[in-house]
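Counting starts at 1 for both ligands and their atoms, following the listed order.
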Amino acid sequence: MAYQSKNPYNGEVGKTFDEISDAQLEACIKAADDCFRTQWRNTRFDERKAILKRAATIMRERSQDFAALITLEMGKLIAQSQGEVALCAAILDYYADHAEQFLAPETLAAGRGEAMVESSPLGVLFGVEPWNYPYYQIVRFAAPNLMAGNVVMVKHASNVPQCALAFEDLMREAGAPAGAYTNLFVSKDQVGCIIDDDRVRGVALTGSESAGAVVAARAGKNLKKTTLELGGSDPFIVLEDADLDKAVRHAVSGRMGNSGQACTASKRIIVVDALADRFLEKFQAAMAGFTPGDPMDKQTTLAPLSSMQALNTLLGQVEQAVERGARILLGGKRIDAEQGAFMQPTILTDIRSGNPAYHQEFFGPVALFFRVANEDAAVQLANDSPFGLGGSVFTSDIARGKDVARRIDTGMVFINSSAVSSPELPFGGVKNSGYGRELSVAGIQEFVNKKLIRVN
Ligand code: NAP
C-alpha cells in the first residue's frame, strides 16, 4: 500500500510515496531516540518555545499554501482549510507560551519535610493520525509533547501524504533538530513493530474505533500508555425554550462543517416535541441550500467527501437505515455531478432503537433527526449511544443548560453552540469515543512522568 494524494473533487492522482523499508524505519527510530536522549530533553523551555513560535509564524505567513494542500488532498472547502491552518498556528503559540507554567514543579503539603512533583518527558512518542483535519490532528499531539520535551513520530493517514510532509518540513524549517519530529510512511505491520519497540514510550491514536482497538491492544501488550480520540455521534439537543433560529444555524453548521466529516459533528439532532415541527421546517430549508462545486472556489458551499469509498460507505449506511424503517426527509443520494464524491445533504427521521443507524456514526452530511417528548427523554436518548465524545444543548435558561450538560455522558458539552475546538479547551471523550485528552493544560500532562521527589 502506498501513500497517495487523490483529489476528491476531480479524481486526479497526485503524488505517490512508497512505504519506507524496515531498515529506514530503524534509522528513523534511532534518530528520534538519539535526539531525545542527547538533545531535546536537555533543551530549555525558551529554546523549544522559539521553535514552535517560528512554526506558528511560518504557518500564518504561508497559510494559503498550507490550506491549498489540505483542499487538494482531502477536499475541504478552502475557507475551512484556512481556518484549520489558523487554528494550528494558535495551538503552536498556546503551548509555546504556556508549557513552562503547565509543567512547573508543584510543592505538596506533606507533613514533615519537603515533597514535590516534577514533570519530565517520557521519550519517543508515536502518533497515528486521521485525514479529516490533516494538520490540526498532528498539531494537537505534537505541540504539547514537543514542549514537554518528548520527541514525536507520526504515521499520518495514507491519503494526505503531502500535508504530512509539509508539516515535517515546517518543523525542520522552524529549527527543530533531526529526530524531534518525524513523519513515517509506514505499513500497518510496521505500526505494530513501532509500538513493540522499547525506545517508543507512548502511543496516541486519533481515528476509528477499529484502528483504536488494534493499536491500543498492541500498546497494552507492551505495557505502554495510550490516548485514543475516536469517533462520535454527538447529540444536539434543542429544548422548548431555545432560540430557534440560533439552534437551526448551529445544527446546520455543526452537521455540515468539513462536509460532515468531523468527530464532533452534530450527528443526532434531538428536538423536544413543542419545537420540533418549526425546527424541522427551517432545518430542512437550510440543509437544502448548499451549492456543490470545486472546494477551491470560494463560492462553493458543499465540498466532496474525502473519497469515493467514503461516499459509498455513507450511501450504504443510509440505504440500510431506510431498509430498517428510517425515512428520508431530504437528500439520501449521491449528487449527480460529473465528478467528485458528493453526497446530498440528508436528513433521516423515524430512526428507532434496533435500526443500525441508531447507534452508528455517519461520517458525512447526514443528520439523524429525533423528536422527543421532553428534556428527560432528550437526555435519555443522548446517552443511548456507544459513543461519548461531545454534544450540545440549546436553551435560553443557562442554569438548565448546565444541569442537562451534567447529565450527558460525553467528554464535552456545548451550551447554545455546536462543538468548537480551541487551544485552551480540553478535547476528548468517554465510552467508545476513547480516553485521554488533547489540548488545554490536560493535553500536555498525558505523556509526562509526574515524578514525586520527597525529602525527609
Ligand atoms: P481510521 O481508518 O481509523 O484511520 C486513522 C488512522 O489510523 C490512519 O492513519 C490509518 O492509516 C490508521 N489505521 C487504520 N487502521 C489501522 C490499523 N489496523 N493499524 C494501524 N493503523 C491503522 O479513521 P478514519 O476513517 O481515517 O477517520 C475517521 C474516524 O476518526 C471517525 O470515526 C472520526 O470520528 C474519528 N476522529 C476522531 C477524532 C477525535 O478527536 N475524537 C478526530 C478526528 C477523527 P491509513 O490511512 O493508512 O489506513
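- Ligand 1 has a nitrogen or oxygen under 3.5 angstrom from a nitrogen or oxygen of L230.
- Residues satisfying the side chain to side chain donor-acceptor pair (under 3.5 Å) criterion with D97, sequence neighbours excluded, are K53.
- Taking the six-membered ring where the residue is Trp, F394 and H250 present tilted rings, their angle falling between 30° and 60°.
- Considering both main-chain and side-chain atoms, N132 never comes within under 3.5 Å of ligand 1 through any nitrogen or oxygen pair.
- Here is the list of ligand 1 atoms found below 4.0 Å of a heavy atom in E361: 31 (C), 32 (O), 33 (C), 34 (O).
- Atom numbering of ligand 1 starts at 1 in the shown order; those under 4.0 Å from a heavy atom of R140 are 39 (C), 40 (O).
- A perpendicular orientation is assigned to the rings of F167 and Y181, their planes being inclined by more than 60° (bins at 30° and 60°).
- The shortest N or O to N or O distance between V214 and ligand 1 is not under 3.5 Å.
- Short contacts between ligand 1 and L389, defined as distances under 4.0 Å to a heavy atom of the residue, involve ligand atoms 41 (N).
- Taking only nitrogen or oxygen atoms, main chain and side chain alike, K188 reaches within less than 3.5 Å of ligand 1.
- Residue pairs satisfying the salt bridge (Lys or Arg N to Asp or Glu O under 4.0 Å) criterion with at least one member in residues 3-16, sequence neighbours excluded, are absent.
- In this structure, R48 is positioned above the aromatic face of F45, its NZ or CZ under 6.0 Å from the six-membered ring centre and within 45° of the axis.
- Counting heavy atoms only, C263 comes closest to atom 38 (C) of ligand 1 of the residues G232, C263, A310.
- Shown are R140, R437, R201, K225; of these, the salt bridge (charged side-chain N to carboxylate O under 4.0 Å, His left out) with E446 is made only by K225.
- Not a single N or O atom of Y3, backbone or side chain, sits closer than 3.5 Å to an N or O atom of ligand 1.
- In terms of polar-atom proximity, defined here as any N/O pair under 3.5 Å, S433 makes no such contact with ligand 1.
- Aromatic ring pairs are classed by plane angle as parallel below 30°, tilted from 30° to 60° and perpendicular above 60°; the pair F279 and F369 is parallel.
- In this structure, the side chains of S418 and S266 come closer than 4.5 Å at one or more pairs of heavy atoms.
- When each atom of ligand 1 is checked for a heavy atom of H156 under 4.0 Å away, the hits are 9 (O).
- If you check each of E229, K155, Q309, E129 against atom 11 (O) of ligand 1, the one with the closest non-hydrogen atom is K155.
- Each of K155, E19, Q162, H156 was scored for a side-chain hydrogen bond (donor to acceptor under 3.5 Å, both in side chains) with Y3, with one residue passing: K155.
- Between Q137 and ligand 1, no N or O atom pair is found at a separation short of 3.5 Å.
- Contacts of Y133 with ligand 1, taken as heavy-atom pairs under 4.0 Å, are absent altogether.
- In this structure, I444 CD1 and L103 CG are separated by 4.0 Å, a value rounded to the nearest 0.5 Å.
- In this comparison of V186, V128, T206, the heavy atom closest to atom 5 (C) of ligand 1 sits on T206.
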